[in-house]
Amino acid sequence: MNDIAELFRLAPVQRGFAATLIAGAGLPIAGVWILGLEVVPLRFAMMHVALLGVALGALLGIEPLLVALALCALSGAALAPLAARPEGLAGPLGLLMTLSIALALLVLSIAGVNATRAFEWLWGSVLATQPADIVALAVVVALLAAFELRFHRSLKLLLHDRELALCSGVPVAALTVGLLVLMSVAVAASIKLTGALLVDAVTLLPALAARNLGQSFDGILAWAVGIGAVGAVSGFLLTLWSDQPPGPVLILTMTAITLASYVVRGKR
């Protein structure tokens with residue numbers, strides 16, 4: 001414990017802890033939306049879009065995270081008109097994912113990005129978090145929370161039954177655009193912490209655990225935020241204690257919590 005306390009005197013550890021706590025407490029809101037809309041493949045597509053944004057940022061000399069956030073937001077907005085189709089978003093998301101990873105690899109090659117730097121984005125590097133990253137993450141989390149608070153009743157109905165929401169006068173099309181944009185941005189915001197391949201650690205896994213424990217939409221949201229915060233902080237502390245890569249440790253911690261939630265649900 002003394003060693004961990006000493007590590008917390010270091011600025012990179014302090015920044016990493018702040019980013020982890022913000023992400024753990026806020027990004028699970030997007031996970032609840034993803035499960036409610038049944039667009040789980042969205043996170044696969046957006047993690048590849050985020051990688052393309054990182055590659056473009058490296059090529060153009062622009063902050064990679066900002067490019068990733070912008071590109072994911074544009075992609076989410078572009079997908080919104082397709083969400084109402086009977087076949088859903090599975091096909092467009094598969095196409096977007098394949099195209100994005102191909103372009104990302106090509107751009108990384110053109111930019112001359114070395115393998116070590118590319119793997120930092122694939123596997124996560126929370127201790128490399130900079131103040132600008134924390135600000136961007138906090139803005140994304142604030143937008144998620146504000147959108148949820150502003151449209152809470154409409155979102156509850158939309159995530160329960162789209163047709164019922166339409167019949168009840170809920171602005172389904174506009175809310176769908178907002179949800180897709182914010183969910184896409186949330187995925188991009190998490191890649192610095194967990195890596196592009198492990199974004200579920202702070203988005204989907206807390207929401208899955210919360211769905212096993214919550215008895216209502218409000219309860220699921222509360223559980224998701226709580227589990228996300230506790231799991232993220234626990235994973236970060238385990239990372240410091242074990243001196244292992246933060247991304248895998250964080251997702252293993254969240255996985256353990258999620259599996260425990262299934263046990264609790266089974267006992268109920």
Side-chain angles (χ1 to χ4, degrees), residues 7-8 10-34 42-43 46-47 49-51 53-54 57 62-77 120-121 124-152 155 178-196 198-207 210 221-237 239-240 246-247 250-251 253-254:
L7 288 173
F8 265 96
L10 303 175
V13 175
Q14 295 171 2
R15 291 195 297 266
F17 179 78
T20 302
L21 180 58
I22 293 169
L27 297 184
I29 296 173
V32 173
W33 296 345
I34 289 172
L42 177 76
R43 76 218 197 276
M46 289 306 156
M47 69 177 69
V49 173
L51 275 177
V54 168
I62 305 173
E63 169 57 40
L65 181 58
L66 295 181
V67 180
L69 289 170
L71 193 58
C72 283
L74 291 173
S75 299
E120 284 183 0
W121 288 99
S125 183
V126 66
L127 295 180
T129 302
Q130 298 301 312
D133 299 325
I134 298 176
V135 171
L137 183 59
V139 169
V140 170
V141 168
L143 289 173
L144 293 175
F147 193 82
E148 175 61 46
L149 290 172
R150 172 63 179 83
F151 301 106
H152 180 69
L155 289 174
L179 286 171
L180 287 171
V181 169
L182 289 173
M183 289 186 296
S184 301
V185 167
V187 171
S190 65
I191 63 173
K192 193 69 176 284
L193 277 72
T194 63
L198 301 174
V199 294
D200 287 348
V202 288
T203 53
L204 197 65
L205 291 185
L221 271 176
W223 273 107
V225 170
I227 290 170
V230 171
V233 170
S234 300
F236 186 83
L237 294 177
T239 293
L240 297 180
L250 179 56
I251 202 168
T253 303
M254 287 295 191

Trainee: Does any part of the side chain of Val202, heavy atoms only, come nearer than 4.5 Å to the side chain of Thr20, both counted from C-beta?
Mentor: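 Side-chain contact under 4.5 Å: no.
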
Trainee: Go through Val185 and Leu143 one step at a time and tell me if the side chain to side chain contact (heavy atoms under 4.5 Å, CB included) criterion holds.
Mentor: CA-CA 10 Å; Val185 167; Leu143 289 173; over 6 Å; no

Trainee: Does the side chain of His152 come within less than 4.5 Å of Leu221's, by heavy atoms?
Mentor: yes

Trainee: If I compare all heavy atoms of Leu65 with all of Ala136, which pair ends up nearest, and what's the gap?
Mentor: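 What the structure gives for the nearest pair is CD2-CB, 4.2 Å.
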
Trainee: Please name the pair of heavy atoms, one in Thr129 and one in Arg15, separated by the smallest distance, quoted to 0.1 Å.
Mentor: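 Minimum heavy-atom separation between Thr129 and Arg15: O-NE, 2.8 Å.
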
Trainee: Return the minimal non-hydrogen interatomic distance between Thr253 and Gly231, and the atom names on each side.
Mentor: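 Taking every non-hydrogen atom into account, CG2-O, 3.7 Å.
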
Trainee: Which heavy atom of Gly76 sits nearest a heavy atom of Ser184, and at what distance?
Mentor: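 Reported closest heavy-atom pair: CA-OG, 3.6 Å.
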
Trainee: For the CG atom of Leu66 and the CG atom of Asp133, what is their distance to the nearest 0.5 Å?
Mentor: 8.5 Å

Trainee: How far does CE of Met46 sit from OG1 of Thr203, to the nearest 0.5 angstrom?
Mentor: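 Going from the CE atom of Met46 to the OG1 atom of Thr203 covers 13.0 Å.
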
Trainee: Return the CG to CG distance between Leu69 and Leu74, rounded to the nearest 0.5 Å.
Mentor: 11.0 Å

Trainee: For the CE atom of Met47 and the CG atom of Leu42, what is their distance to the nearest 0.5 Å?
Mentor: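 It is 9.5 Å, given to the nearest 0.5 Å.
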
Trainee: Taking all non-hydrogen atoms of both residues, which atom of Ala207 and which atom of Gly31 are closest, and how far apart?
Mentor: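 That closest heavy-atom pairing would be CB-C, 3.4 Å.
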
Trainee: For the atom pair CD1 (Ile29) and CG (Leu182), what is the distance rounded to the nearest 0.5 Å?
Mentor: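 Reported value, rounded in 0.5 Å steps: 10.0 Å.
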
Trainee: Given side chains that start at C-beta, do those of Phe8 and Leu240 come closer than 4.5 Å, heavy atoms only?
Mentor: yes

Trainee: Quick check for you: to the nearest 0.5 Å, what is the distance between Ile251 atom CD1 and Met254 atom CE?
Mentor: 9.5 Å

Trainee: Closest approach of Ala18 and Ile134, non-hydrogen atoms and distance?
Mentor: CB-CD1, 4.3 Å

Trainee: Could you go through Val67 and Val54, starting from their C-alpha distance and side-chain angles, then the distance that decides it, and tell me whether this counts as side chain to side chain contact (heavy atoms under 4.5 Å, CB included)?
Mentor: CA-CA 6 Å; Val67 180; Val54 168; over 6 Å; no

Trainee: Which residues pass the ring-ring contact (aromatic ring centres under 6.0 Å, His included) test with Phe147, sequence neighbours left out?
Mentor: Trp33, Phe151

Trainee: Can you confirm whether Phe236 sits close enough to Val13 that some side-chain heavy atom of one is under 4.5 Å from a side-chain heavy atom of the other?
Mentor: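 Yes - at least one pair of side-chain heavy atoms lies under 4.5 Å apart.
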
Trainee: Are any non-hydrogen side-chain atoms of Thr239 and Leu250 less than 4.5 angstrom apart?
Mentor: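 A side-chain contact under 4.5 Å is absent here.
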
